[in-house]
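First up is the structure itself, then whatever we jot down about it.
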Amino acid sequence: MESGAEFEVTVCCSGLRALDKFSHSDPMCVLYTKCGIRGSWVEEGRTESVKNTGDPEWQKSFNLKYYFHQKQSLRFSLYDVDSNSTDLGDHDNLGTAECTLAQILATQENKVSLPLSPYHHSPGDCGSLLVRAVEVSDGTRDRVTLDLTAQNLDKKDLFSESDPFYCVYRRNTDGTDTLVYRSEWIKDTASPDWAPITLDCAKLCLGDWTRNLRIEVYDWDMDGGHDFIGDCNTTMDELAQGEDFQILQFDLINPKKVEKKGYQNSGQIVVKSVKIEQDTTFLDYVRGGLKINLSVAVDMTGSNGDPDSPQSLHYIHPRTGENAYTTAIRTVGEILQDYDFDKKIMGMGFGSKVGGVVSHCFPLNGHARNPYCKGVEGLVSSYMDTLNKVTLAEPTCYSQVLQYAADDAMRASNDVEYTVILLITDGGVTDFQETKQALVKMSKQPISVVLVGVGEGDMGALVQLDSDRARLSWGQEQADRDIVQFVELNKYIDPAKYNHEEEPPEARHRLARAVLQEIPRQVTEYMRKNGISPRVPDIPDDFQEDFDKKFKI
């Protein structure tokens, strides 16, 4: 294998401890990586949490690049998720396992089984972790969209129909299977109509269209003991036959019922439609002239403290000329302004008295009709000037300034513009429901929202707005897509050392990665949902200032 090759790392567990009193744990796996002997452990990512199980299979995987000349250590830490908190200290530890990427790749099947530590009496008696690494083929950029339904499913519940969901597994060379997708469950129906799904062919079948795919259908149960209904096998080659509006049907078979007299099937999977298209990347849109506009909203409420006090989050350090807010502005702004042709950044404040009246949306440069600042330095300068002209007040309301920024974005909206709203706050939102309503509405627009929390205030509401565990909703309306990313600044940069020039480069890169890593995906997801293809490139093909190469995101 070549150095620099990319591998998809998948994980599953068996025999985990049950830490909850009346049910199994809700496990999540966190991957840390360390390069070299003297490197530091860095969080690479987290899986979703799986409800009520001691034998979790996680859908989320990790993509890692292999370097022959480096020792690439991996640490897998498992947690029982008890709340929406992103702080791992709020969750119970289920155990840890370590290995190197080379150890996995050196095995014949590119997989290792690791006992979790600590253990009671012997290794593995508190659970074991199976880690598999598969090289990601770059020979295909295809994406497949499947629209599945089912009919005549077996009834598993006594007083109602089943609550069906399905899982898709791909076959490995050693005959085992890897989970690549788990659907939502639909209540009380024998004929579920699941939401269409879009998957990379590299993830679905590793680019091999003849690789076996198994679809399993279950009846969802709250206790995690989901009842098996039946399964079927297919391949991408077979599924591709449905691309020409040909409806495909597969019998779901339950092996335990095959010998029963008169048994035909336990229902059928119906492939209503299949769409296969070549994948487009964020860089394809950038080359086609994508412009990213940046809008910044700064929390200027009284909970930040008196700006003249060294304890205030708005206090400008006399030696460095920086604070938490300027650090966040510079970290995000200096990346995104490279994608903005006019380098104009809209700067707004909220939560201060302006002219004796509390305002939840006011321009930092003082010009209501033209609230744009010239670049990052212009924005920082306007912010500092505003600190001397307003009186910090209460309450903390986000919805008005978010809606103003969204309305401004839509006035200039076209196929080559996308807006990122950066809202920096010390937490404690008052208009939580109104903010959710605004974000759900914005999910249909070419907008992403980055929430950066500063200080030690209550960030619980911001975690909920990020909604990593469930799609954000307001009333009966769900967000069209995930557009919110929340990051706590203090986890990346020491509050005592707010200095953009003197901060360690790796600290700024880690912060930039955490803040902006979702933006390319959110941009391409919006474009695909709205049928917008990249335009013919109007800048050179050797344009290299993309997120991945410039900031290692």
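Note that the coordinates shown come from a computational prediction; the quantities given were computed from them, not determined experimentally.
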(message) Give me the atom names and distance for the closest heavy-atom approach of Gln59 to Leu179.
(response) N-CD2, 4.0 Å

(message) Less than 4.5 Å apart, side chain to side chain, heavy atoms only: is that true for Lys441 and Gln403?
(response) yes

(message) For the backbone of Pro27 and the side chain of His91, can you confirm whether one donor and one acceptor N or O come within less than 3.5 Å of each other?
(response) no

(message) Between Asp219 and Asp163 (side chain of the first, backbone of the second, donor and acceptor by atom type, cut-off under 3.5 Å), is there such a pair?
(response) yes

(request) Over 60° means perpendicular and under 30° means parallel, so classify the ring planes of Tyr383 and His314, tilted if in between. (result) tilted

(message) Distance alone, cut at 3.5 Å: any donor-acceptor contact between the side chains of Ser303 and Asp426?
(response) yes

(request) Enter the distance from Thr419:OG1 to Asp408:CG here, rounded to the nearest 0.5 Å. (result) 7.5 Å

(message) Keeping Ser160 on the side-chain end and Asp188 on the backbone end, is there a donor-acceptor pair under 3.5 Å?
(response) no

(request) Check the pair Lys491 / Asp87 against salt bridge (charged side-chain N to carboxylate O under 4.0 Å, His left out), numbers first and verdict last. (result) CA-CA 10 Å; Lys491 289 187 176 181; Asp87 186 348; 5.2 Å; no

(request) Give the C-alpha distance, both sets of side-chain angles, the deciding distance and a yes or no for side-chain contact (heavy atoms from CB on, under 4.5 Å) between Thr435 and Leu402. (result) CA-CA 8 Å; Thr435 298; Leu402 286 173; 3.9 Å; yes

(request) Provide the closest heavy-atom pair for Leu148 versus Val271 in the form atom of the first, atom of the second, distance. (result) CD2-CG2, 3.6 Å

(request) Please state whether the rings of Phe350 and Tyr398 are parallel, tilted or perpendicular, taking 30° and 60° as the class boundaries. (result) perpendicular

(message) Test side-chain contact (heavy atoms from CB on, under 4.5 Å) on Ile519 and Gln485; report intermediate values, then the result.
(response) CA-CA 9 Å; Ile519 300 299; Gln485 177 77 357; over 6 Å; no

(message) Main chain of Glu48, side chain of Trp58: is a donor-acceptor contact present, judged purely on distance under 3.5 Å?
(response) yes

(request) Report yes if the side chains of Val168 and Leu146 come closer than 4.5 Å at any heavy-atom pair, otherwise no. (result) no

(request) Measure from the side-chain N and O atoms of Arg481 to the backbone N and O of Gln522, and report whether any donor-acceptor pair falls under 3.5 Å. (result) yes

(message) Between Val376 and Ile329, does the side-chain contact (heavy atoms from CB on, under 4.5 Å) criterion hold? Intermediate values first, please.
(response) CA-CA 7 Å; Val376 171; Ile329 290 171; 4.3 Å; yes

(request) For residues Ser273 and Lys275, determine if any side-chain heavy atom of one lies less than 4.5 Å from a side-chain heavy atom of the other. (result) no

(message) Less than 3.5 Å apart, any donor N or O on the side chain of Gln464 or Asn84 sitting next to an acceptor on the other?
(response) no

(request) Supply the atom-to-atom distance Leu472 CG to Ser443 OG, rounded to the nearest 0.5 angstrom. (result) 8.0 Å

(request) State whether the side chain of Asn52 and the backbone N or O of Met222 hold a donor-acceptor pair below 3.5 Å, judged by distance alone. (result) yes

(message) For a quick test of reading the model, state the closest non-hydrogen atom pair linking Glu57 to Tyr169 and the distance between them.
(response) OE1-OH, 2.8 Å

(message) Within the 4.5 Å heavy-atom criterion, are His226 and Trp185 side-chain neighbours or not?
(response) no

(request) Could you tell me whether the side chain of Ser183 reaches within less than 4.5 Å of the side chain of Ile197, counting heavy atoms only? (result) no

(request) Working to the nearest 0.5 Å, report the span between OH of Tyr526 and CZ of Arg521. (result) 15.5 Å

(message) Does atom NZ (Lys389) have a neighbourhood of more than 12 heavy atoms from anything else shown, all under 6.0 Å?
(response) no

(message) Let me confirm one number: the CG-CG distance from Asp466 to Leu451, rounded to the nearest 0.5 Å.
(response) 7.5 Å

(request) Tell me yes or no: between the side chains of Asp299 and Thr425, is some donor less than 3.5 Å from an acceptor? (result) yes

(request) Run the numbers on Arg330 and Glu377 for salt bridge (charged side-chain N to carboxylate O under 4.0 Å, His left out), then give the verdict. (result) CA-CA 8 Å; Arg330 291 186 192 280; Glu377 292 305 321; 2.4 Å; yes

(request) Applying side-chain hydrogen bond (donor to acceptor under 3.5 Å, both in side chains), run through Ser448 and Tyr418 and close with a yes or a no. (result) CA-CA 8 Å; Ser448 290; Tyr418 193 93; 2.7 Å; yes

(request) May I ask you to decide if Gly460's main-chain N or O and Asp458's side chain share a donor-acceptor pair within less than 3.5 Å? (result) yes

(message) Run the side-chain contact (heavy atoms from CB on, under 4.5 Å) test on Thr331 and Tyr492 for me, step by step, so that the C-alpha distance in whole Å, both residues' side-chain angles and the decisive distance to 0.1 Å come before the verdict.
(response) CA-CA 12 Å; Thr331 298; Tyr492 299 88; over 6 Å; no

(message) For a quick test of reading the model, state the closest non-hydrogen atom pair linking Pro164 to Val217 and the distance between them.
(response) CB-CG1, 4.3 Å

(message) Main chain of Thr301, side chain of Asn304: is a donor-acceptor contact present, judged purely on distance under 3.5 Å?
(response) yes

(request) Would you confirm whether Asn530, through its side chain, and Ile532, through its main-chain N or O, come within 3.5 Å as a donor-acceptor pair? (result) no

(request) Kindly check if the number of other-residue, nucleotide or ligand heavy atoms within 6.0 Å of CH2 (Trp474) is above 12? (result) no

(message) How long is the straight-line distance from CE of Met459 back to CG of Asn490, given to the nearest 0.5 Å?
(response) 7.5 Å

(message) Consider side-chain contact (heavy atoms from CB on, under 4.5 Å). Of Thr391, Leu392, Val354, which one does Met300 pass it with?
(response) Leu392

(request) Apply side-chain hydrogen bond (donor to acceptor under 3.5 Å, both in side chains) to Ser49 and Asp26, showing your working. (result) CA-CA 6 Å; Ser49 64; Asp26 303 328; over 6 Å; no

(request) State, with a plain yes or no, whether a side-chain heavy atom of Ser399 is found less than 4.5 Å away from one of His360. (result) no

(message) Keeping Glu184 on the side-chain end and Ala195 on the backbone end, is there a donor-acceptor pair under 3.5 Å?
(response) yes

(request) Drop me the distance from Glu518's CD to Ile483's CD1, to the nearest 0.5 angstrom. (result) 12.5 Å

(request) Measure across Lys444 and Gln478 and return the closest heavy-atom pair with its distance rounded to 0.1 Å. (result) NZ-O, 4.4 Å

(request) Would you check if Thr33 and Leu64 make a side-chain contact, meaning some heavy-atom pair closer than 4.5 Å? (result) yes

(message) Does any part of the side chain of Asp342, heavy atoms only, come nearer than 4.5 Å to the side chain of Tyr372, both counted from C-beta?
(response) no

(request) Determine the minimum heavy-atom distance between Leu88 and Tyr32, stating which atoms define it. (result) CD1-OH, 3.1 Å

